[in-house]
There are 2 protein chains.
Amino acid sequence: MNDGTQQGEPKRRGRRAGGEDTKAALLAAARAAFVERGYEGATVRSIAARAGVDAAMVNHWFGGKEGLFAKAVLQVPIDPNTLVERLLDGPPEEMGERMVRSFLGVWDATGGGHFAAMVRSVTAQERVAEVLREFFVQTLLRRVLATVGADRQELRATLAATQIFGMGMVRYVVRFEPLASADVETMVKAVAPNLQRYLTGDIG
Amino acid sequence: MNDGTQQGEPKRRGRRAGGEDTKAALLAAARAAFVERGYEGATVRSIAARAGVDAAMVNHWFGGKEGLFAKAVLQVPIDPNTLVERLLDGPPEEMGERMVRSFLGVWDATGGGHFAAMVRSVTAQERVAEVLREFFVQTLLRRVLATVGADRQELRATLAATQIFGMGMVRYVVRFEPLASADVETMVKAVAPNLQRYLTGDIG
DNA sequence: ACCTTTTTTCAACGCGTGATGAAATAGTCA
DNA sequence: TGACTATTTCATCACGCGTTGAAAAAAGGT
């Protein structure tokens with residue numbers, strides 16, 4: 001039972017001892033690396049090294065860098081249905097508050113890494129924007145707005161997206177203080193009313 | 001738009017005939033390239049080719065890729081003082097409206113390219129965030145808020161930044177419709193009140 | 001005219017990238 | 001056990017990157 005994974009030693013070839021999941025290790029390392037350095041900045045070699053694995057494994061398991069990126073970053077960090085349920089669970093006039101809490105909850109959990117990775121990837125991978133739109137507007141906001149029954153749902157959805165994206169940008173990407181370190185309650189009090197107006201208020 | 005870059009002839013060496021400003025050509029090409037492909041995606045060679053010039057000129061005139069980037073993208077597309085003046089010119093309760101108009105005016109002028117380039121560069125160039133913060137919060141929002149005389153200026157400034165950044169993100173980077181194509185009046189009616197609340201309203 | 005300076009192109013360098021195929025090792029099944 | 005397969009490392013590939021130094025061509029000064 002030698003589970004201690006020492007790495008000072010010259011690596012032995014061949015199949016690993018047991019239990020160690022290279023695929024999962026690569027995914028974790030990739031997530032962190034893409035978050036920190038962006039798509040082009042995070043090299044296959046650096047990711048592999050971080051996972052304690054040879055770079056060739058990326059090709060073997062994910063068919064290349066792009067495949068790894070797709071699996072590691074391009075997927076939503078929470079089940080959409082769960083999120084929608086949570087948003088709809090309560091009075092419509094508090095929807096904005098629930099939204100702020102939900103998104104901050106999801107994003108703060110990874111220190112904003114997941115959000116930052118997505119934004120940073122819009123450069124390299126054109127379809128990131130597509131995925132973002134699909135998730136944000138179609139899967140999420142429109143379903144929420146549909147049950148609230150507001151008018152001009154597309155416009156409201158994209159307006160709400162500006163507030164949510166903006167919150168993420170300032171908090172996780174450019175990190176402006178004091179907002180970047182503000183606690184959730186402060187954020188809720190400040191942002192929720194504006195979000196609420198986009199969702200159900202008078203938008204002109 | 002496109003500088004005459006056609007050249008069937010084999011290029012002759014040496015100093016150019018006359019008048020052609022390679023420096024300016026490089027800057028223009030760089031601006032476009034960085035906007036389209038981000039910092040790492042826009043290669044020195046591609047920029048030079050676009051400008052109809054040898055890649056070595058980048059080093060000669062700007063000391064390298066980073067220098068070119070700094071000159072081409074990292075500078076504000078409008079004089080800050082002018083912008084601040086424009087924002088302060090009018091009643092405080094319409095500040096949000098003037099802000100929306102001003103930023104949309106500046107950014108729409110380049111099709112959102114400048115904004116997109118900045119955001120895309122936050123990955124590669126850490127100091128882009130620094131420049132953004134310096135300009136947005138210190139140079140701009142705080143000066144505006146100082147004359148309005150609001151409380152908790154730092155928080156208000158960063159909150160306003162969320163709305164402005166979010167507007168830029170949705171309109172220029174991820175391009176969610178219908179907001180991406182919405183006319184200025186629609187944007188003003190929708191966004192200005194929320195911005196106004198951040199600036200002078202009750203933020204909890 | 002000559003010499004000097006500035007601008008430009010060219011050829012090449014060193015490096016790091018993502019990818020590949022073969023060899024080596026560990027597990028699995030008869 | 002021995003054959004077979006899955007997994008992993010290694011050595012290496014071709015390519016594109018940013019950068020460099022020298023040579024060539026134009027301009028300017030005397």
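Naming convention: chains lettered A, B, ... in sequence-line order (proteins, then strands); numbering from 1 in each chain.
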Notebook entry, point to check: Please give, in whole Å, the distance from dG18(D) P to Phe69(B) CZ?
Noted result: 13 Å
Next item on the list: Using a 4.0 Å heavy-atom cut-off, write out nucleotides 14-20 of chain C from 5' to 3' as B (base contacted by protein), S (sugar-phosphate only) or - (no contact).
Entry: ---BBBB
Check: Under 4.0 Å between a side-chain N/O of Trp61(B) and OP1 or OP2 of dT7(C), yes or no?
Finding: no
Notebook entry, point to check: Does the distance from a Lys or Arg side-chain N to an Asp or Glu carboxylate O, for Arg101(A) and Glu185(A), drop under 4.0 Å?
Noted result: yes
Check: Between dT7(C) and Thr22(B), is there an OP1 or OP2 to side-chain N/O distance shorter than 4.0 Å?
Finding: no
Next item on the list: Find the distance Met57(A):CE to dA26(C):C1' and express it as a whole number of Å.
Entry: 13 Å
Check: Taking NE2 from His60(A) and C1' from dT5(D), how many angstroms apart are they, rounded to a whole number?
Finding: 11 Å
Check: CZ of Phe176(B) to CG of Leu155(A): how many Å apart, nearest 0.5 Å?
Finding: 13.5 Å
Item checked: Carboxylate-amine/guanidinium proximity below 4.0 Å for Asp89(A) and Arg98(A) -> no
Note to self: In this structure, how many angstroms lie between the C1' atom of dT7(D) and the CZ atom of Phe62(A), rounded?
What the structure shows: 14 Å
Next item on the list: Apply side chain to side chain contact (heavy atoms under 4.5 Å, CB included) to Arg143(B) and list each qualifying residue two or more places apart in sequence or on a separate chain.
Entry: Asn81(B), Val84(B), Thr139(B)
Notebook entry, point to check: Counting N and O atoms only, with roles assigned by atom type, does the side chain of Thr162(A) sit under 3.5 Å from a partner on the main chain of Leu159(A), one being a donor and the other an acceptor?
Noted result: yes
Next item on the list: Classify the ring geometry between Tyr39(B) and Phe34(B) as parallel (under 30°), tilted (30 to 60°) or perpendicular (over 60°).
Entry: parallel
